[in-house]
**Student:** 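Got a structure for you, written out below as structure tokens; questions coming shortly.
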Amino acid sequence: MSFLHLAIFLPFLMAMLIPIFYRWTKQLHTGWIVLPIPVILFIYFLTFIPQTMDGVVTQTMPWIPSLGINFTVVVDGLSLLFALLITGIGSLVTFYSIFYLGKKKERLNNFYAFLFIFMTAMLGVVLSDNLVVLYLFWEMTSISSFLLIGYWYHRERSRYGARKSLLITVFGGLMLLGGILLLHVITGSFSLREIISEAALVQSSSLFIPAMIFILLGAFTKSAQVPFHIWLPDAMEAPTPVSAYLHSATMVKAGIYLVARFTPLFAVSGAWFWTITLVGIVTLFWGSITATKKTDLKAILAYSTISQLGLIMTLLGVGAAALHFDSWNDNIYIGAIVAAVFHLFNHATFKGSLFMMVGIVDHETGTRDIRRLGGLMQIMPITATIAFIGTFAMAGLPPFNGFLSKEMFFQSMVDVTSLNLFHAETWGVILPVIAWIGSIFTFVYSMIIFFKTFGGKFKPHLLPKKPHEAPIGLLLPPMILAALVVITGFFPNLIAKPLLEPAVKSIMPSLYGTDYSIHISFWHGFTMALAMTAGVIILGILLYKTANRWKPFITEKVPAFFRWGKAYDNSLYYMEQGSYRFTLWVMTGWLRTYLNYMLTAFIILMLGTIFATDALNFDISTISRVTMMDYVLVLVVIVTLVGIVFSKSRITSIILLGAMGYTISIFFIVARAPDLALTQLVIETISVVLYLLVFYHLPQFSNIEEKPRWLSAKTFISIGVGLTVFLISLSAYDTTFFPSISQYYIDNTYTKAAGKNIVNVILVDFRGFDTLFETAVLAIASIGIFGMIKLRLTRRGKNENK
Amino acid sequence: MKTNDVLLRNVTKVVVFIILLFALHLFMGGHYNPGGGFVAGLISAGAITLTLIAYDTQTVKSMLNINTIMMTGVGLLFAVGTGMIGIIMGDPFLTHKFGHVDLPILGDTSLHTATIFDLGVYLVVVGVTLTIIQTIGESD
């Protein structure tokens, strides 16, 4: 365990501590207490910059070494860039929330605990090398974002949005798991770097395309690419700091991260290039058009995030082409990767500041609806300045950083047309055209955000609150981000060398050791890209001015087919209906019916496996002799068993069941297994007591007369179960074909675990994991019983009150 | 309904402590002799159940004012926490540590982190059994 591992878990530990000290620190806003953590981590990660310039830092901690699963943390350029964004923007969001969420009415302990669990999850995703570990953190981001979106759970929309994001991202997560397992099948490794080093093996495998599709599904759902983008607008029900953090700067970029990470592995395939580029460009196009027709500021930003994520995805797709060319010096496609990484950084800065700006507007005016807002420039000059910088950077206007990466984006799109590797010369032309149209709409919605909020006429009668400038605490974090936007706009090479170059090198590992360097120039001559930007501005202004004429067209005339959200709602509805009907059909409410299902499944699975794998091996000659004692005990068991089956009263069956349990414990004594005998005795006692306790509540003991057809079916099931168990124990007993495991325990119990009681050592040591989860299951079961009985009691109490 | 159970109540008073001591014995000896957290937990729960039968839920509640669900949670935390010891020492999760320590009065004592794990199991078992028995018992 290194400090690097601890750094990942530091926010998580803090989240665990928050509920403990929350009670005593109500006077102080929780945010102040937790703020040092992300700040310290940010500074800590900054110290890695020199090391990642031309190399990686690796730290390993064994976790399940026998399965090749180790918690390996690797810091390279790409993961460092992400780690800095997570902790940097995380610090700002933590600070911003102190002023955004009031300590009186909000459940701050929940908020910061969820936020910090999320921070750990995100750091884990970008820093872990082992794919299983990555997957665990990946799902942790889904769950913590679910909790954050549903933070105001008393609102119906919040719950809806939270469930939607969970269902879609967890679906993607499971697909990702499938992809990871396929890669493991091909290479036999879970380590990302090892898998990439075996790229040739993976590429020649027949599972290459399925693995790629599975992993891309994971990435696309997380990064809200069409058609999985529908969860992101609904996720805007979360508190605005959360939107700024999760849905612009970090979580949605996890998909981008994944695609970038897997680029060295998959990029040779034309399928990879086409899928990512096309999905990305469609997302860019669709997101930017939809954004223009929204009236809620946060909804506009949500769709704009979708479209910007599509842009980065497209760039990564185009950049994949670079891996085909060996000479790096004049390779034009590296530019796309550089643009992707650069825009990733830029987007995090300007979109983060814009979300915080919207939060301020919402906080100070009480509304986010652009039809009510307007003319806030005089009242909130600082917020307006932040908004100006953010929106103009988003629109891709000079001198802000968005302009630079937008130019690089256009350049890459133009370069694609010269690509002949994938026969793109015919179809490739559509890429720059769509990108260009998407950018025009990007310009339009950026202008809408700024001028509809801060320009135009001031309409105080439409605002729920009397607006005034926000306190400095709310303004500071977006000011810092806006300052970054301006600084990187004027001096892009400040971050080019320490941050962008290592990140590009980790996406393109062959660049390590070369003298490749990035130089971003503010003025790059009269190029095609500059002409496209000019076109964007001219057409964008025209469209913005005529918005009233064309807007109704896309609001009303867009065919219902494209309303993906509707499709989601419908599929959920039909799934619920279907499972409801199925449940009604299968669940009869009789325990005996369920036992029939379970035991039938048991017989089919077990006997099927035994015969399919030819596992039935036994040799009667080695079986030990049966003594008189055994005969007596078997006889007692049989008699009690028959008694249970034919008894007419419940109390008789309970007592007979107890008698049988005790007899079996005598078996254990005869076989010299005191531990088992002891446990069995106590369990029998407790379970009989439990039975007697619930006795009072049970319904009448009824022996339903069943149809003979069912009776014979049950006879078959009983005989089948008996036979299956008999066969299993017979082959388990036999040691002629496989050596018995018990010798291992006899040899190692004392030397390895310093214990003499084998049973106990197995329980706590050799198979401690089993015990841990069994106790967890026990605990869950008891909570279930507690809940069911308490719930029924309160409901009954309510009925009595009526 | 008033029942005459003087014998049961008086015997219970004495027997419960014997049972609890036996549970303790089983727990401590678990690593070398038959026993361990699971059995000890069940036996302790049995002792408490006995008082429950001899007296009633209210008496038991006033005797042992424990939040049984919390107890279960603490038990799980112990079990997981023991696993963390392995991680902190740089070994896989749930790698146990053991050694001999010379304690002032007890002399040479072997210490084992598995005991803490077992204590977690014990707490979970007692907590779970009591939760079930109490919720069902109270619902009368």
Side-chain angles (χ1 to χ4, degrees), chain A residues 1-2 5-6 60-66 69-71 673-679 681-683 685-686 689-690 692-694 696-697 750 752-757 759-761 763-765 767-769 771-776 778-783 785-790 792-793 796, chain B residues 26 29-39 41-43 45-46 49-50 52-53 68-69 72-73 75-76 79-80 82-83 86-96 98-100 110 112 114-115 117-118 120-121 123-125 127-140:
Chain A
M1 180 130 182
S2 64
H5 291 97
L6 191 67
T60 303
M61 184 175 80
W63 184 30
I64 316 176
S66 49
I69 299 172
N70 293 312
F71 190 2
D675 255 305
L676 295 180
L678 199 60
T679 314
L681 275 173
V682 189
I683 284 198
T685 315
I686 299 263
V689 170
L690 272 177
L692 292 175
L693 270 175
V694 297
Y696 173 78
H697 299 284
Y750 194 72
K752 283 196 173 155
K756 285 178 186 147
N757 177 2
V759 177
N760 203 33
V761 168
L763 279 180
V764 301
D765 207 319
R767 310 198 67 86
F769 229 63
T771 315
L772 183 63
F773 284 117
E774 273 157 20
T775 47
L778 259 184
I780 292 165
S782 82
I783 290 168
I785 292 173
F786 181 82
M788 276 201 284
I789 289 182
K790 291 285 173 192
R792 208 190 51 178
L793 277 179
R796 197 194 283 159
Chain B
L26 282 180
H31 217 55
Y32 297 106
N33 296 307
F38 189 71
V39 184
L42 279 176
I43 290 179
T49 314
L50 184 63
L52 200 83
I53 292 170
T68 47
I69 291 181
T72 316
L76 277 181
V80 177
T82 326
I87 288 190
I88 291 165
M89 309 277 267
D91 288 319
F93 185 67
L94 268 179
T95 310
H96 287 299
F98 51 84
H100 289 261
S110 62
H112 205 303
T115 319
F117 184 78
D118 229 14
V121 174
L123 288 175
V124 170
V125 170
V128 165
T129 330
L130 287 184
T131 311
I132 295 175
I133 289 174
Q134 277 183 2
T135 43
I136 294 177
E138 275 174 13
S139 68
D140 288 347

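In what follows, chains are A, B, ... by sequence order, proteins preceding strands, each numbered from 1.
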**Student:** Please flag which part of A:V689 lies under 4.5 Å from any non-hydrogen atom of chain B: side chain, backbone, both or neither.
**Tutor:**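 Just its side chain gets close to chain B.
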**Student:** Count the heavy-atom pairs under 4.5 Å between each of B:T72, B:T82, B:I69 and chain A, then report the option with the highest count.
**Tutor:**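 So the answer, after comparing B:T72, B:T82, B:I69, is B:I69.
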**Student:** Need one label for A:I686: side chain, backbone, both or neither, based on atoms under 4.5 Å from any heavy atom in chain B.
**Tutor:** side chain
**Student:** Non-hydrogen atoms of chain A under 4.5 Å away: do they reach the side chain of B:V124, the backbone, both or neither?
**Tutor:**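 The side chain, not the backbone.
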**Student:** Please report the interatomic distance CG(B:L42) to CG(A:L681), rounded to the nearest 0.5 Å.
**Tutor:** 11.0 Å
**Student:** Compare every heavy atom of A:S782 with every heavy atom of B:I132, then report the nearest pair and how far apart it is.
**Tutor:**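 Shortest heavy-atom contact: CG1-CB, 4.1 Å.
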**Student:** Heavy-atom distances under 4.5 Å only: say whether A:F769 touches chain B with side chain, backbone, both or neither.
**Tutor:** both
**Student:** In Å and rounded to the nearest 0.5 Å, what is the CG to CG distance from A:N760 to B:D118?
**Tutor:** 5.0 Å
**Student:** Counting heavy-atom pairs under 4.5 Å to chain B, which of A:I783, A:T679, A:D765 comes out on top?
**Tutor:** A:D765
**Student:** For a side-chain contact (heavy atoms from CB on, under 4.5 Å) check, start with the C-alpha distance between B:F117 and A:L772, then their side-chain angles and the critical distance, and finish with the verdict.
**Tutor:** CA-CA 9 Å; B:F117 184 78; A:L772 183 63; 4.2 Å; yes
**Student:** Any side-chain heavy-atom pair from B:T49 and A:T685 closer than 4.5 angstrom?
**Tutor:** no
**Student:** Top residue by heavy-atom pair count (under 4.5 Å) with chain B, among A:A779, A:A781, A:A673?
**Tutor:**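 Answer, by heavy-atom pair count under 4.5 Å with chain B: A:A779.
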**Student:** Passes side-chain contact (heavy atoms from CB on, under 4.5 Å), B:F38 versus A:V682? Steps please.
**Tutor:** CA-CA 10 Å; B:F38 189 71; A:V682 189; over 6 Å; no
